[in-house]
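One-based numbering along the sequence shown. Quick note: numbers below take in every heavy atom, side chains included, and nothing from hydrogens, waters or symmetry partners.
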Amino acid sequence: MNEYPKSIFTIDVEDYYHIVSDRGVPPISEWDSLPSIVESGFLKLLDLLDVYDVKATCFFLGYIAKKYPYLVKEARKRGHEIASHGMFHRVIAQMSREEFMAELHNSKSLLEDICSEEITTFRSPSFSVTEDTPWFFESLAETGYIADSSVFPVKRDYGGYQIEQKKPYWIKTDKGNICEFPISVASLLGKELCFFGGGYLRFFPKWVILYMHKKLAKKGIPTLYYIHPREMEPQHPRLKLNKKSYFKCYVNLKTVKSKLEAILSRGEFVTCQQYLEEMKDS
């Protein structure tokens, strides 16, 4: 019997140009004219998950779901949870509450039309929820979501929401309750760091990631991993970014597949929805 908590594997289904950290990112008006790698990268991720019989929560950007609805259907057919990543990868604080609620509603309706089931889980683009958007969780509840995975509990370029809770936890609002799945962090030399997704997963050596996962597991804390389709395509087109952003976006892309194989071959995994069901039953 596995003594450790089950981990959660998540995918932000977006393309290589869906980055918010630099002025070199192309505007929405140019997206349709750009080459795309989201199809090939996402299907590689699904195939890899099949090898290890792992089910993931797939946070689809509405723009991608509308352009490639078959990817939504394919993920659902293989048993993965379909969730929303908004429509156009906009930073939460750069929208009014009304604009944000429109994105919540539109992405939810779009995904529900494609996969014919209710969408109840959300993740903000670039984990951009902060204390400066106090209406965030209430807006989720008001538009029919019951779970979220947007809280990044350490400071970052966009986002950073200071909490001490490391396990999924409930947030009460006047419109209903939201189960929050915070991004996993672990302590290194007295500092809380993320090791389990995006540039962090690519930067740190495999053994460090596995060690930090085990460190959390021994405390009964589930590890939440996150990845993007572009990270399965190391040769994808490069954007003209400043040096800091370029490093974060493209460091160690060739190490991703072997790291994922090591991660997926260890322990058990559940989707956010499955974890939430187990929380209700416990």
- Task: Would you name the heavy atoms of Ser184 and Leu224 that are closest together and state the gap between them?
- Result: OG-N, 2.7 Å

- Message: So Cys194 and Tyr226, do their side chains get closer than 4.5 Å, heavy atoms only?
- Response: yes

- Message: With heavy-atom distances below 4.5 Å as the criterion, would you say the side chains of Ile8 and Thr271 are in contact?
- Response: no

- Message: Can you classify the ring geometry of Phe60 versus Phe42 as parallel (below 30°), tilted (30 to 60°) or perpendicular (above 60°)?
- Response: perpendicular

- pair Ile92-Thr130: side-chain heavy atoms closer than 4.5 Å: no

- side-chain hydrogen bond (donor to acceptor under 3.5 Å, both in side chains) with Glu39: which residues, sequence neighbours excluded? Tyr70

- Message: Quick one, Glu180 with Ile163, criterion side-chain contact (heavy atoms from CB on, under 4.5 Å). Give me CA distance, side-chain angles, the key distance, then yes/no.
- Response: CA-CA 11 Å; Glu180 179 59 37; Ile163 58 164; 5.9 Å; no

- Task: Fit a plane to each ring of Phe88 and Tyr63, take the angle between them on a 0 to 90° scale, and name the class: parallel (under 30°), tilted (30 to 60°) or perpendicular (over 60°).
- Result: tilted

- Query: Between Asp148 and Phe136, is a side-chain contact (heavy atoms from CB on, under 4.5 Å) present by the stated rule, with each step listed?
  - Reply: CA-CA 10 Å; Asp148 176 68; Phe136 177 82; 3.6 Å; yes

- Classify the ring geometry between Tyr161 and Phe137 as parallel (under 30°), tilted (30 to 60°) or perpendicular (over 60°). perpendicular

- Any sub-3.5 Å donor-acceptor pair from Arg266's side-chain atoms to Leu264's backbone N or O? no

- More than 12 heavy atoms from other groups under 6.0 Å of NZ on Lys66: no

- Item | By side-chain hydrogen bond (donor to acceptor under 3.5 Å, both in side chains) - contacts of Glu118 (at least two apart) | none

- Message: Is the shortest side-chain heavy-atom distance between Thr173 and Leu140 below 4.5 Å?
- Response: no

- Message: With rounding to the nearest 0.5 angstrom, report the CG to CG distance, Asn252 to Leu201.
- Response: 10.0 Å

- Message: Classify the ring geometry of Phe247 against Phe203: parallel below 30°, tilted from 30° to 60°, perpendicular beyond 60°.
- Response: perpendicular

- Item | Intermediate values then yes/no, side-chain contact (heavy atoms from CB on, under 4.5 Å), Val13 and Val38 | CA-CA 7 Å; Val13 190; Val38 69; 4.1 Å; yes

- Message: Applying a strict under-4.5 Å side-chain criterion to I, L, V, M, F, W and Y, I'd like to know whether Met101 and Met95 cluster together.
- Response: no

- Exercise: identify the closest heavy-atom pair between Thr223 and His213: OG1-ND1, 2.9 Å

- Message: Going by ring-ring contact (aromatic ring centres under 6.0 Å, His included), name the residues that satisfy it together with Tyr246, two or more places apart in sequence or in a different chain.
- Response: Tyr250

- Less than 6.0 Å separating the ring centroids of Phe195 and Tyr211? no

- Note on the structure: Separation between CG (Leu49) and CD1 (Ile11), nearest 0.5 Å, reads 5.0 Å

- Can you tell me how far the OG atom of Ser124 sits from the NE2 atom of His89, to the nearest 0.5 Å? 9.0 Å

- Task: Kindly give the heavy-atom pair with the smallest separation between Ser150 and Val129, and that separation in Å.
- Result: O-CG1, 3.3 Å

- Is the shortest side-chain N to carboxylate O distance from Lys259 to Glu231 below 4.0 Å? no

- Query: Can Phe59 be reached from Leu46 by stepping across I, L, V, M, F, W or Y side chains whose heavy atoms are under 4.5 Å apart?
  - Reply: no

- Taking side-chain hydrogen bond (donor to acceptor under 3.5 Å, both in side chains) as the test, write out the residues that go with Asp47, two or more places apart. Arg78

- Message: Can you list everything that forms a salt bridge (Lys or Arg N to Asp or Glu O under 4.0 Å) with Lys257? Sequence neighbours excluded, please.
- Response: Glu261

- Report the distance from atom OG1 of Thr143 to atom NE2 of His105, rounding to the nearest 0.5 Å. 9.0 Å

- Pairwise distance CZ(Arg90) to OG(Ser128) - rounded to 0.5 angstrom: 10.5 Å

- Heavy-atom side-chain contact between Phe196 and Ile263 under 4.5 Å: no

- Query: Under the criterion salt bridge (charged side-chain N to carboxylate O under 4.0 Å, His left out), which of Glu81, Glu117, Glu112 is the partner of Arg76?
  - Reply: Glu117

- Query: Side chains of Leu241 and Lys248: closer than 4.5 Å at any heavy-atom pair?
  - Reply: no

- Query: Distance-only, no hydrogens or angles: does the His228 side chain make a donor-acceptor pair with backbone N or O of Asp12 under 3.5 Å?
  - Reply: no

- Query: Got a second to check how far Gln235's CD is from Leu253's CG, nearest 0.5 Å?
  - Reply: 8.5 Å

- Would you call the rings of Tyr145 and Phe122 parallel, tilted or perpendicular if under 30° counts as parallel and over 60° as perpendicular? perpendicular

- Query: Which of these, Phe9, Phe181, Phe269, sits in a ring pair (Phe, Tyr, Trp, His ring centres under 6.0 Å) with Tyr275?
  - Reply: Phe181

- Hey, could you give me each pair passing side-chain hydrogen bond (donor to acceptor under 3.5 Å, both in side chains) that has a residue in residues 185-200? Not counting sequence neighbours. Lys166-Glu192

- Item | Steps toward side-chain contact (heavy atoms from CB on, under 4.5 Å) verdict (Tyr16, Leu34) | CA-CA 10 Å; Tyr16 67 93; Leu34 297 172; 3.9 Å; yes

- Query: Are any non-hydrogen side-chain atoms of Ser149 and Thr57 less than 4.5 angstrom apart?
  - Reply: no

- Item | Glu233 bridged to Arg230 by N-O distance under 4.0 Å | no

- Closest approach of Pro222 to Gly220 (non-hydrogen atoms, all atoms of both residues): CD-O, 3.7 Å

- Side chains of Phe204 and Met212 in contact at under 4.5 Å (non-hydrogen atoms): no

- Query: If only atom types and distance count, is the side chain of His18 paired as donor or acceptor with the main-chain N or O of Asp15 below 3.5 Å?
  - Reply: yes

- Query: Are the side chain of Glu268 and the backbone N or O of Lys6 linked by a donor-acceptor pair below 3.5 Å?
  - Reply: no

- Task: List the atom of Pro134, the atom of Glu131, and the distance in Å for their closest heavy-atom pair.
- Result: CD-O, 3.8 Å

- Task: Give the C-alpha distance, both sets of side-chain angles, the deciding distance and a yes or no for side chain to side chain donor-acceptor pair (under 3.5 Å) between Tyr68 and Ser36.
- Result: CA-CA 11 Å; Tyr68 306 106; Ser36 174; 3.3 Å; yes

- Please name the pair of heavy atoms, one in Lys175 and one in Glu138, separated by the smallest distance, quoted to 0.1 Å. CG-CG, 3.3 Å

- Query: Is it the case that one hydrophobic cluster holds both Val256 and Leu48, taking links as side-chain heavy atoms less than 4.5 Å apart, direct or via other members?
  - Reply: yes

- Query: Does any N or O in the side chain of Ser84 come within less than 3.5 Å of the main-chain N or O of Gly86, such that one atom is a donor and the other an acceptor?
  - Reply: yes

